[in-house]
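All remarks here apply to the structure that follows.
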There are 2 protein chains.
Amino acid sequence: MTQSPYQIESILRGLQVLSLFNHHTPTLSLTEIKNAAGLNKTTAFRIVSTLESAGYLKRDPETKRYRPGLKVLQLGFAAISSLEFRQVARPYLRQLSEAANETASLSVLDGMEVVYVDRVRQQQIVGVLLGIGSRIPAQCASMGKVMLANLPPANLEVLLSQPLQPCTPHSLTDRGALEAEFDRVRTQGYALNDEELEIGLRAVAAPIWDHTNSVVAAINVSGSARTISFQRLIEELAPSVSETARQISQAIGFGGIR
Amino acid sequence: MTQSPYQIESILRGLQVLSLFNHHTPTLSLTEIKNAAGLNKTTAFRIVSTLESAGYLKRDPETKRYRPGLKVLQLGFAAISSLEFRQVARPYLRQLSEAANETASLSVLDGMEVVYVDRVRQQQIVGVLLGIGSRIPAQCASMGKVMLANLPPANLEVLLSQPLQPCTPHSLTDRGALEAEFDRVRTQGYALNDEELEIGLRAVAAPIWDHTNSVVAAINVSGSARTISFQRLIEELAPSVSETARQISQAIGFGGIR
DNA sequence: AAACCATGTTTCTTTCAGTGAAACATTTCA
DNA sequence: TGAAATGTTTCACTGAAAGAAACATGGTTT
């Protein structure tokens, strides 16, 4: 994110309002929007009215509460479609999934959460049904660990200063343990998940690097602990996933230096 | 979409720029944006710079082309999460899919296209792999037909005045045939798709009504013509899908009058 | 019933944020 | 190489956007 001399405040305010809605707060009232965004009441009302009339917010006339409108959905779909690494990664993901006969996924990091942006499924995963847009705590996920491990240290520091929640008794939440895990991940080039997200679920992930030498996404192969033994995870799937991630990285212009 | 006295032009321009990106044009140059949006060059540059610095656009420094940034993705995910009928419909969709041992889907109508917003898959569908965000021509899809059939007549008139493309030799593109089909759909309360979208694919869809007595979405069950005979489609799946749609409609506040 | 409070909506005034023209810088192409 | 196209910055202007205040509505309390 570059700091530009141009900052159209009105646009930023409109987008700020749209970004107030999330999984936990799918609807908001005018006052809630005003308070959350720190805006003058009249300004908030005008922004909300503008967004509503343009289809970006939808208002329930009875409750007077707002929720994102179809236009936001369209923006999101277009953004998913235009993710360069998603377009490039799709065929690789499909091939990986078929070769392993397990589910292969692609995700991005959003704060301390992993967000799924693509998925090729071979069989029903026990327990968790994760579709596109699904979010899980990053520290519990193989893909999350891979992306966190490759963050610039200052960014990682900010994220790790928050309290972390466990997902299962196997989850790592102790900061020291996590940092040791990130060291391991950076060295190996992949991250394992051994029932940390959900009991009965195993996964291995590797990072996708782009042409600016940043990790922009991660892929993984995941499945039931019944079909994925720990030995298979290490000896078969880790090399496969790592190689596929390397191919995708190369395909999107990664130069190989990190 | 209500016409409000408040229209903050700057916000609308910013959002207009964001909505220029789509599946066919995932990246755009400044000049392309300027021309497509009909903006003054300097204004376009400032809007684009604002959006870039806020994470809504990402610029490739080499090509100087822009594509949607992660922040748009986040908006889209939040919008998907906050779709009320999607939250309510998920368990019903899962149950329907399991009972039929076929794939169940949920979609919304966007112009003359159906956009998938949820999907519970039981087995690999022959041919088309449709994920969340996928779009198909509405006239070729069971869910599209159900939603079109229940549009206000003036809205439907506008959409039908455009030329329609066929998907397979079985597709309906003749206006007279479509209108007869919509009458049938309104009477029956469901729509069939008998290899109109893709050879070898059959589906049946029913509309989801909300508390304002509008059709806001549709669900369907679809599968291979090998596992879904025409008889099974009519006798087993159509009643199932219709009943599930009725339950979802009721659950989101539909009063039953239409 | 009246008073009070909270929220949503409209009106009015002010001023500077945002616009567009023009100039400049860089890149592309014949 | 020069011209054209594209991208970026500067400057002048004004009305678009902001915020204060008033008004409207609905719910609660005395």
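Below, chains carry the letters A, B, ... as their sequence lines are ordered, and counting in each starts from 1.
Across the protein-nucleic acid pair, B:Arg13 atom CZ and D:dG15 atom P stand 14 Å apart, rounded to whole Å. Per the geometry, CD1 belonging to A:Ile11 stands 10 Å off P belonging to D:dA17, to the nearest Å. Atom P of nucleotide D:dA5 and atom CZ of B:Arg65 are separated by 17 Å, given to the nearest angstrom. The distance from atom CZ of B:Phe45 to atom P of C:dA21 is 17 Å, rounded to the nearest whole Å. Nucleotide D:dA17 holds its P atom 14 Å from the CG atom of A:Leu12, rounded to whole Å. Note: CG (B:Asn40) to P (D:dC13) measures 17 Å, nearest angstrom. With rounding to whole Å, A:Ile47 atom CD1 is found 10 Å from D:dA17 atom C1'. We find that CG of A:Leu51 is positioned 13 Å from P of D:dA17, with the value rounded to whole Å.
Scanning atom types as modelled, one donor and one acceptor separated by under 3.5 angstrom connect the side chain of A:Arg46 and the base of D:dA18.
In this structure, of D:dT8, C:dA21, C:dT19, it is D:dT8 that holds the atom nearest to the side chain of B:Lys41. Here the nucleotide nearest the side chain of B:Ser10, chosen from D:dT8, C:dT19, D:dG19, is C:dT19. Distance from the side chain of A:Ile8 is smallest to C:dT19 among C:dG8, D:dA18, C:dT19.
Within the structure, salt bridge (Lys or Arg N to Asp or Glu O under 4.0 Å) pairs that include any residue of residues 39-50 of chain B do not occur (at least two apart or interchain).
Here the side chain of B:Thr187 pairs a donor or acceptor atom with the backbone of B:Asp183 at under 3.5 angstrom.
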Could you go through nucleotides 27-30 of chain C and list every protein N or O atom that sits under 3.5 Å from one of its N or O atoms, giving the distance for each pair?
none

Should B:Thr244 and B:Val241 be marked as a side-chain contact (heavy atoms from CB on, under 4.5 Å) after you check the CA-CA gap, both sets of side-chain angles, and the distance that decides it?
-> CA-CA 5 Å; B:Thr244 302; B:Val241 172; 5.8 Å; no
What's the verdict on salt bridge (Lys or Arg N to Asp or Glu O under 4.0 Å) for A:Arg65 and A:Asp60, showing C-alpha distance, side-chain angles and the deciding distance?
-> CA-CA 6 Å; A:Arg65 297 183 74 80; A:Asp60 183 327; over 6 Å; no
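Rounded to the nearest 0.5 angstrom, A:Gln250 CD and A:Trp209 CH2 are separated by 15.0 Å.
Non-hydrogen atoms lying under 4.0 Å from DNA chain C are contributed by A:Leu30, A:Thr31, all within residues 30-39 of chain A.
Both A:Glu9 and B:Thr42 lie close to DNA chain C; mapped to their nearest nucleotides by heavy-atom distance, the more 5′-ward contact belongs to A:Glu9.
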